[in-house]
Protein chains: 2
Amino acid sequence: MFIGEFHHNIDDKGRIAIPSKYRDILGNDFIITRGIEHCIYVYPNDTFNHIVTKLESLPFTKKDARAFTRFFMSGATAIELDKQGRANIPSPLVSYANLSKKCVIVGTGDRLEIWDEDAFNEFMSSCNDEMSDIAENLFEEKI
Amino acid sequence: MFIGEFHHNIDDKGRIAIPSKYRDILGNDFIITRGIEHCIYVYPNDTFNHIVTKLESLPFTKKDARAFTRFFMSGATAIELDKQGRANIPSPLVSYANLSKKCVIVGTGDRLEIWDEDAFNEFMSSCNDEMSDIAENLFEEKI
DNA sequence: TATTTATCCCCCACTTTTCCCCACAGTCTA
DNA sequence: TAGACTGTGGGGAAAAGTGGGGGATAAATA
């Protein structure tokens, strides 16, 4: 399970070090793709394949299915870590997530997310106040 | 499986390089045809044949079936890559997809899509805002 | 039928990008 | 304090993408 928050730099070549703590779970190759809030999702192969299977069950004749599949699959890239444990982020994803230099890598259970540091701080502070309301509607009964 | 996003140029002769990453899956000959959002779909032969079978199962007595089959089949062309790994796009498809110079080639699971860069950016930014909503309604239960 | 015109491929050469390797600095551990 | 590990930066070789020229084949015209 992915937990925690790490602050790493992405360099001019689009390389960013994956926290060593995660490498055991991720292995040497895995998938990254566009995330919904302009961040990057990092999935172990199994998890990603599972989502793809779900998406493939949707017909391409449905507009929303096309849009989401395009969004999700076109952003996806198979990553292999180099000997230093870094992932090479393709430039379309770098610009999608507005990664400049300072990045944040956070674990969110079944995946990692890579954020631009400023964007992450902004997002977190913007919903900190609402968190009480957000939590309110998540579950009906006791968890 | 086709994933990823590549930015290539189409030249005056209508040639565009298919990303080398895809050539293994596609092989040397495959099918391209009109896609729904004014882009070009690229299918391996098997996949294309499978869709054709599906379309043929629709009765020609239905107006929509006739229209869509006509749309899909009339645009189709068999492509052979040249020795540089480029596909020659027939001019009707070039104009259908408004390809000028800068193009985007994206993988969407079972096929590739070739877009004019401007058109692609426009489409993606137009549905970026909705992507959260779209994702919201795609699945009811956990995927 | 012969000549011209156009089209399509193939090949070569250049540029750009990508990938892989090495090196260094800071931190933690034994 | 020495050694190992982690994160960061840069250089060089190889691959991928791009553009243009030339020859073969097909179409068009006299």
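Every chain is numbered from 1, with letters handed out A, B, ... down the list of sequences.
- Nucleotide dC21(C) holds its P atom 14 Å from the CG atom of Leu81(A), rounded to whole Å.
- Regarding Ile79(A), its CD1 atom lies at a distance of 13 Å from the C1' atom of dC19(C), rounded to whole Å.
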Seminar exercise, completed: Nucleotide by nucleotide, nucleotides 14-25 of chain D touches protein heavy atoms under 4.0 Å in the pattern (B base, S sugar-phosphate only, - none) --SSBBBB----
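- If you measure from atom CG of Asn88(A) to atom P of dT8(D), you get 15 Å, rounded to the nearest angstrom.
- A salt bridge does not link Arg66(A) with Glu113(B): none of the charged nitrogens is closer than 4.0 Å to a carboxylate oxygen.
- A continuous path of ILVMFWY side-chain contacts below 4.5 Å connects Tyr41(A) to Ile31(A), so both sit in one hydrophobic cluster.
- If you chain together hydrophobic residues whose side chains sit under 4.5 Å apart, Phe72(B) and Trp115(B) never meet in one group.
- Remark: His38(A) engages Tyr96(A) in a ring-ring contact (aromatic ring centres under 6.0 Å, His included) (not counting sequence neighbours).
- The two atoms that bring Gly75(A) and Thr33(A) nearest to each other are C-OG1, 3.3 Å, heavy atoms only.
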For this session: Would you sort out whether Leu93(A) and Ile114(A) count as a side chain to side chain contact (heavy atoms under 4.5 Å, CB included), showing the intermediate values?
Result: CA-CA 10 Å; Leu93(A) 283 183; Ile114(A) 304 178; over 6 Å; no
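- OP1 or OP2 of dC11(C) has at least one side-chain nitrogen or oxygen of Lys83(B) nearer than 4.0 Å.
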